[in-house]
Visitor: 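Encoded as structure tokens, here's the structure I'll be asking about.
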Amino acid sequence: MQGAADDLPADVRAFIASQVASVVQLETLLMLHRTPERAWGADEVARELGIDRGWAEGQLETLCQQGLAVCADAGQGRRYHYGAAAPLRATVDALARAYAERRVTVIGLIFAKPADALRAFSDAFRIRRDKDNPGG
Amino acid sequence: MAEAVYILCAATSAACAVLLLRAYARSRARFLLWSGLCFAFLALNNVVLYLDLAVFPEVDLRVVRHGTALAGLVLLLWGLVWDAE
Amino acid sequence: MPMRELVIQFMLGAIVACCAVAATFFLRFWRKTRDRLFGLFSLAFGVLAMNWAALAFTRTDEIRTWLYAVRLVAFLVILYAIIDKNRARAG
């Protein structure tokens with residue numbers, strides 16, 4: 001069942017399992033990765049990804065805390081640029097390649113994560129849908 | 001009385017199956033697929049039970065009955081082992 | 001014993017074992033997540049295991065005895081788990 005993902009490099013799979021919580025987070029990271037020389041602001045990221053500013057800001061802050069992005073306070077607010085530490089760089093490069101070539105497989109791995117499977121099972125029985133239900 | 005029980009059990013199982021498979025469609029968490037299918041088969045199990053009792057009392061449907069339950073449970077176990085954690 | 005009966009006994013044994021294993025998994029998930037739903041599902045599958053185990057040892061068939069009450073209990077537990085999950089937002 002997990003066979004399709006087995007030929008992705010082990011470090012990529014481990015990275016996804018431990019560091020990547022959502023597709024949005026991955027898209028944000030890869031966007032920064034594509035333009036390493038550029039410092040982004042939250043609303044630029046939001047516009048680029050088509051999400052709202054608060055959400056983008058949350059993702060950027062998370063990436064910062066994870067050591068995948070570097071943030072700096074500039075005049076008009078925080079700016080973020082790609083900043084993975086040396087050991088992780090190769091993994092993120094491989095992840096970017098994998099996402100470009102095997103998008104569905106990578107997304108499948110994000111959602112196949114253990115804790116989420118149990119929470120997904122439990123959440124499936126919530127019939128009343130409300131906004132803070134992470135659902136899917 | 002027994003008929004009502006089996007109908008209730010079938011409905012409950014079917015509800016679980018629907019909830020889990022819908023959630024699987026949204027999130028693609030594979031464990032939901034296996035558990036959803038398990039409850040679908042358990043619903044079938046209760047339906048066959050009802051058929052065995054009320055509709056075809058002269059036919060022995062036990063192998064089919066137990067077959068549906070076993071099929072569902074094997075799928076659930078597969079999901080528990082490979083996709084739940 | 002005719003082949004049919006042997007197959008049925010075999011299937012019942014397999015079903016009971018599967019239910020017991022499933023119940024054990026759910027028990028572990030309950031310990032891990034502290035989510036009551038898993039505890040209730042563990043209980044439900046435990047009761048289902050008993051249901052089919054009892055069936056393996058009765059000479060008349062389930063549909064002719066009171067055994068359906070055991071099955072009912074298991075599914076009521078599941079129903080309760082669903083209702084419980086939807087009642088309190090804290091769940």
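Just so you know, these numbers come straight off a predicted model, no measurement behind them. Reminder, nothing fancy here: chain letters follow the sequence lines and each chain counts from 1.
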Visitor: Nearest 0.5 Å please: distance from the CD1 atom of I82(C) over to the SG atom of C16(B).
Guide: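 It comes to 4.0 Å.
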Visitor: Measuring from L73(B):CG to M11(C):CE, what's the distance to the nearest 0.5 Å?
Guide: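 Separation between the atoms: 11.0 Å.
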Visitor: Mind ranking N46(B), L80(B), T12(B) by heavy-atom pairs under 4.5 Å with chain C and telling me who comes out on top?
Guide: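 Top option by heavy-atom pairs under 4.5 Å: L80(B).
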Visitor: Determine the sole option in L53(B), V5(B), L49(B) for which the side chain to side chain contact (heavy atoms under 4.5 Å, CB included) test with Y68(C) is passed.
Guide: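 Exactly one option meets the side chain to side chain contact (heavy atoms under 4.5 Å, CB included) with Y68(C), and it is V5(B).
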Visitor: Most heavy-atom pairs under 4.5 angstrom with chain C, which of L8(B), N45(B), V74(B), L42(B)?
Guide: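 Option with the greatest count: N45(B).
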Visitor: Checking V81(B) now: which residues fulfil side chain to side chain contact (heavy atoms under 4.5 Å, CB included) with it, not counting sequence neighbours?
Guide: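 Counting only residues at least two positions away or on another chain, V81(B) forms a side chain to side chain contact (heavy atoms under 4.5 Å, CB included) with F25(C).
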Visitor: I need the contact set between residues 37-48 of chain C and chain B: heavy-atom distance under 4.5 Å, sorted by residue number.
Guide: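 Checking residues 37-48 of chain C against chain B gives F41(C), F45(C).
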Visitor: Measure distances from L76(B) to the heavy atoms of chain C and classify the residue's part below 4.5 Å as side chain, backbone, both or neither.
Guide: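 Contact with chain C is through the side chain of L76(B) alone.
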Visitor: For the atom pair CD (Q9(C)) and NE2 (H66(B)), what is the distance rounded to the nearest 0.5 Å?
Guide: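 Nearest 0.5 Å value for the CD-NE2 distance: 8.0 Å.
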Visitor: At a heavy-atom separation under 4.5 Å, does L70(B) approach chain C through its side chain, its backbone, both, or neither?
Guide: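 Interface part for L70(B): both.
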Visitor: Looking at every non-hydrogen atom in both residues, tell me the closest pair between C18(C) and L77(B) and how far apart they are.
Guide: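 C18(C) and L77(B) have their closest heavy atoms at O-CD1, 3.5 Å.
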Visitor: How long is the span from the CG atom in L55(C) to the CZ atom in R65(B), to the nearest 0.5 Å?
Guide: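 The CG atom of L55(C) sits 6.5 Å away from the CZ atom of R65(B).
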